[in-house]
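Worksheet: the structure to be examined is printed underneath.
Per chain, numbering begins at 1; letters A, B, ... match sequence-line order. Nothing here was measured: the structure is a model prediction, and the numbers come from that model.
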Protein chains: 2
Amino acid sequence: MTALVREPIETHRQDDDPRQRARGRPRDEVARKRILEAALELVEELGFAAITTDAIAERAGASKATIYRWWPNKAAVLIEALREAVAQETPFPDTGSLREDVRIQLRDFIKLLTGRRGRLFKALVAAAQNDLELAATFRAVWMAPRRAVAKAGLERHRGRELKKDADLDLIMDALYGPLYFRLLAGHRSLTEKLADELADTVLEGIRKR
Amino acid sequence: MTALVREPIETHRQDDDPRQRARGRPRDEVARKRILEAALELVEELGFAAITTDAIAERAGASKATIYRWWPNKAAVLIEALREAVAQETPFPDTGSLREDVRIQLRDFIKLLTGRRGRLFKALVAAAQNDLELAATFRAVWMAPRRAVAKAGLERHRGRELKKDADLDLIMDALYGPLYFRLLAGHRSLTEKLADELADTVLEGIRKR
DNA sequence: ATATTGCGAGACTGAAAAGTTTCGAAAATG
DNA sequence: CATTTTCGAAACTTTTCAGTCTCGCAATAT
């Protein structure tokens with residue numbers, strides 16, 4: 001399961017250079033999309049570990065040979081599928097009010113986690129515990145950009161509603177950590193009420209006085 | 001991996017009834033301990049998924065036949081190992097001060113997570129995402145009793161340092177969630193400083209005013 | 001002593017799944 | 001049309017591992 005991701009086989013690249021096209025039949029982009037989509041669906045349904053390349057191929061209506069023609073191994077397919085799936089994020093709101101910004105953001109995030117994507121994240125975080133490469137990808141593709149956006153969103157309020165010396169990393173962990181916690185441990189459900197109360201509790205502790 | 005845990009085969013029970021002992025050679029309790037210990041070590045080293053019964057047997061200096069003599073399948077061994085490993089908890093302190101109680105508790109917990117046991121928890125939470133039985137065991141054996149103790153510890157302060165209508169489940173998630181989050185996502189490290197700042201932030205939001 | 005049960009060692013079976021190869025058809029270029 | 005490359009289908013190889021079985025020896029009861 002753990003494996004190096006070799007860069008896509010150079011010999012057959014043929015994307016964005018129409019004047020010098022390769023000889024034979026070109027790569028089927030529709031099939032590529034179908035394979036990634038199938039992989040994604042299967043992760044959401046079964047988790048990372050339970051997926052087989054046969055299942056991906058069957059659902060995509062593709063051949064295993066096609067999969068291994070373009071990806072070096074199964075993990076590479078899943079990682080690319082993840083990368084594309086996670087591309088569209090929920091932006092951090094900007095209402096002018098810190099409390100409102102955070103409430104909206106937490107509610108949106110809960111909506112994400114309780115939907116189709118929630119299963120993806122569970123599967124992903126789980127698999128990342130046994131796969132260093134996957135863990136790195138998860139942090140790079142999901143955590144880092146998302147936290148950067150949230151950090152900038154909070155930064156706007158520093159010195160105003162927020163203490164001047166507030167530790168934004170701590171705050172983000174205090175806000176998002178409990179949501180991931182409930183998602184993964186499953187001891188309580190993720191509700192909008194949680195979002196609001198959590199926002200109020202944490203913000204009360206760090207507001208400017 | 002997923003399987004019912006049949007109750008230990010009744011026919012060969014022979015624990016606490018010395019006057020009516022079974023006929024043949026008695027079960028080797030030392031071997032039992034070695035098997036559970038080996039399973040635990042392997043979980044901590046490799047994670048739940050990567051373990052083989054052969055590896056457990058080899059490390060324990062036992063025979064696979066012995067393992068399957070007493071446990072119906074691999075998962076049952078791991079679950080029993082977990083159950084015994086988790087038996088000794090860190091009690092919730094009682095210093096009289098809410099702030100101190102929480103600080104100490106969080107520091108202890110971080111110490112637990114950054115030690116040998118941290119790996120066990122990572123592996124466990126990960127595996128639980130794909131195994132309903134394991135998830136249930138984790139909640140029953142670890143989460144539930146631990147949360148009950150913490151809840152009682154907090155309850156002592158209700159109406160005094162704590163708001164009368166404080167939602168203790170929310171508070172516990174706000175306190176522990178960020179720690180599990182960092183453990184599993186690995187974006188930041190678990191430090192004592194985190195424990196203290198987190199305690200202060202959350203408690204400030206819920207203290208009696 | 002004899003019967004019974006547990007033990008470790010290791011061979012064995014069967015299933016699952018990763019990755020490879022073969023095949024004939026399809027889609028492109030020259 | 002000839003050549004090249006991809007495609008889906010499916011057979012195939014190989015590895016890994018769960019779980020079973022057999023053997024000869026050890027430990028206990030009667």
Is it true that B:Arg34 and B:Glu37 make a salt bridge, defined as a side-chain N closer than 4.0 Å to a carboxylate O? no

Would you call A:Arg83-A:Glu80 a salt bridge at under 4.0 Å N-O? no

Working to the nearest 0.5 angstrom, can you tell me the gap between B:Leu112 CG and B:Arg117 CZ? 7.0 Å

Please round to the nearest 0.5 Å and tell me the distance separating atom CG of A:Asp167 and atom CD of B:Glu197. 5.5 Å

Could you encode protein contacts along nucleotides 10-17 of chain C as a string, one character per nucleotide from 5' to 3', using B for base contact, S for sugar-phosphate-only contact and - for no contact, with a heavy-atom cut-off of under 4.0 Å? -------S

Taking the six-membered ring for Trp and the single ring otherwise, decide whether the centroids of B:Tyr176 and B:Phe109 are under 6.0 Å apart. yes

Atom [atom1] of [X] and atom [atom2] of [N]: how far apart are they, to the nearest Å?
X       : N      : atom1 : atom2 : answer
B:Ile35 : C:dG6  : CD1   : C1'   : 12 Å
B:Tyr68 : D:dC17 : OH    : P     : 12 Å
A:Glu58 : D:dA9  : CD    : P     : 10 Å
B:Arg27 : C:dG8  : CZ    : P     : 11 Å
A:Glu29 : C:dA28 : CD    : P     : 13 Å
A:Arg25 : C:dA28 : CZ    : C1'   : 9 Å
A:Trp70 : D:dT5  : CH2   : C1'   : 9 Å
A:Leu42 : C:dA18 : CG    : P     : 12 Å

Mind checking if B:Arg32 touches a base, just sugar-phosphate, or nothing, with heavy atoms under 4.0 Å? nothing

[X] side chain, from C-beta outward: closest of [options]:
X       : options              : result
A:Asp28 : C:dG8, D:dC7, C:dC7  : D:dC7
B:Ala62 : C:dG6, C:dG8, D:dT5  : C:dG8
A:Pro26 : C:dA28, D:dT6, C:dC7 : C:dA28

Does A:Ala128 have any side-chain contact (heavy atoms from CB on, under 4.5 Å) partners at least two apart in sequence or in another chain, and if so, which? A:Ala135

Within the pair A:Arg34 and D:dC7, is there a side-chain N or O less than 4.0 Å away from OP1 or OP2? no

Assert: residue with more 5' nearest nucleotide on DNA chain C, out of B:Arg23 and B:Gly61, is B:Arg23

Under a 3.5 Å distance rule, please check whether A:Glu84 uses its side chain to pair with a backbone N or O of A:Leu36 as donor and acceptor. no

